[in-house]
Amino acid sequence: MSIIYFGSFVVTRQVFYKSRHSFALVNVKPLLPGHVLVCPYRVVPRVKDLSADEIADLFLTVQKVSEVIEDVYNGQSLNIAIQDGPLAGQSVPHVHCHIIPRKLDDLPNVDDVYQLLNSKDADIELSFQQLKSINTVGLSSPDLSDLERTPRTEAEMWAEAEMLQAKMSKSNL
């Protein structure tokens, strides 16, 4: 198994789908159940840095993953978002597309998802650092009291990735 990176973080076991140029992985701190990410293998910070083949593959992968995520999590719609650069809220300098299944009344206001995407609580780099602290023997757990959602454990993410990998393999896409 080759090592897969999301920015500087090894995410190989969180990956549940692979295409020629892209991969899909479960989220360390999903905004809503089923929130996943799709990324190109090549670590580049901005969409403009991707080749034409990488862009085509990224969006075909988003389309395939979206259909399965919406079905598995009983979504009625999806938010599909790319934060293209730090001023747009990108917390890891690696192009990634958020896929978030939505249901009626899952948030107080339908557009609250955008505030959540841009909050400190959604900072993926911080979440990975916290996860590393939580899962590393000998380190004390960080103070997470100021965060609404704590990072999931590696075991939780691996279990979800295995389940989604099975669903993707059964998909007709």
Side-chain angles (χ1 to χ4, degrees), residues 1-70 73 75 77-102 107 109-133 142 146-152 154 157 160-161 164-165 168 173:
M1 175 188 326
S2 61
I3 296 174
I4 300 173
Y5 289 91
F6 175 48
S8 62
F9 304 101
V10 175
V11 294
T12 310
R13 290 200 54 195
Q14 290 167 239
V15 172
F16 63 90
Y17 180 78
K18 300 174 192 174
S19 64
R20 183 170 180 206
H21 296 289
S22 305
F23 62 92
L25 72 155
V26 299
N27 200 325
V28 65
K29 279 175 55 175
L31 298 177
L32 293 169
H35 176 187
V36 300
L37 304 174
V38 175
C39 312
Y41 285 111
R42 194 164 61 96
V43 179
V44 296
R46 303 287 307 276
V47 171
K48 68 182 180 182
D49 300 322
L50 296 171
S51 71
D53 285 344
E54 288 171 321
I55 290 171
D57 186 78
L58 180 74
F59 284 97
L60 286 171
T61 301
V62 166
Q63 184 180 42
K64 290 176 183 179
V65 170
S66 292
E67 186 171 330
V68 170
I69 291 299
E70 192 168 12
Y73 292 95
S77 295
L78 297 166
N79 281 105
I80 298 174
I82 296 176
Q83 296 163 298
D84 194 30
L87 296 179
Q90 183 187 49
S91 60
V92 174
H94 183 166
V95 171
H96 56 284
C97 183
H98 297 264
I99 301 173
I100 307 167
R102 300 298 305 272
L107 293 172
N109 298 297
V110 71
D111 286 340
D112 286 350
V113 72
Y114 299 109
Q115 289 179 332
L116 291 172
L117 275 170
N118 288 314
S119 70
K120 178 182 175 188
D121 198 30
D123 185 324
I124 296 171
E125 186 156 348
L126 176 63
S127 299
F128 272 105
Q129 291 167 355
Q130 292 167 341
L131 177 66
K132 186 176 180 181
S133 295
D146 63 330
L147 302 176
E148 292 180 21
R149 295 177 340 271
T150 58
R152 298 189 298 165
E154 288 179 336
M157 290 186 292
E160 183 180 28
L164 289 173
Q165 185 176 33
M168 291 295 298
L173 302 173

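Not measured: the values here are computed from a predicted model. Reckoned from all heavy atoms, side chains included, excluding hydrogens, waters and symmetry mates.
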key: Sole residue of Thr12, Leu37, Val15 in side chain to side chain contact (heavy atoms under 4.5 Å, CB included) with Phe23   = Val15
query = Does a side-chain heavy-atom distance below 4.5 Å link Ser19 with Leu60?
reply = no
query = Is the backbone N or O of Leu117 less than 3.5 Å from a side-chain atom of Gln83, with the two atoms forming a donor-acceptor pair by type?
reply = yes
Asn118 to Gly89 - nearest heavy-atom pair and separation = OD1-CA, 3.5 Å
pair Arg102-Leu107: side-chain heavy atoms closer than 4.5 Å = yes
query = Does the His35 side chain pair with the main chain of Pro30, one donor and one acceptor, at a distance under 3.5 Å?
reply = no
request  = Sort out for me which residue in Val28, Asn27, Val11, Leu25 forms a side chain to side chain contact (heavy atoms under 4.5 Å, CB included) with Met157.
outcome  = Val28
Sidechain-backbone polar pair: Asn79 side chain, Ile100 backbone, donor-acceptor under 3.5 Å = no
ask   = Does the side chain of Phe16 come within less than 4.5 Å of Val36's, by heavy atoms?
value = yes
message = Can you confirm whether Val65 sits close enough to Met168 that some side-chain heavy atom of one is under 4.5 Å from a side-chain heavy atom of the other?
response = yes
ask   = Is any side-chain heavy atom of His96 closer than 4.5 Å to a side-chain heavy atom of Gln90?
value = yes
inquiry  = Quick check for you: to the nearest 0.5 Å, what is the distance between Arg20 atom CZ and Asp53 atom CG?
reply    = 6.0 Å
query = Does anything in residues 79-90 pair up under salt bridge (Lys or Arg N to Asp or Glu O under 4.0 Å), and if so which pairs, sequence neighbours excluded?
reply = Arg46-Asp84
inquiry  = Within the 4.5 Å heavy-atom criterion, are Lys18 and Tyr41 side-chain neighbours or not?
reply    = yes
message = Show the nearest heavy-atom pair for residues Pro101 and Ile99, with the distance to one decimal.
response = CD-O, 3.9 Å
remark   = Rounded to the nearest 0.5 angstrom, the CZ-CD distance for Phe6 and Gln14 is 9.5 Å
inquiry  = In the structure I gave you, are the side-chain heavy atoms of Arg152 and Val26 within less than 4.5 Å of one another anywhere?
reply    = yes
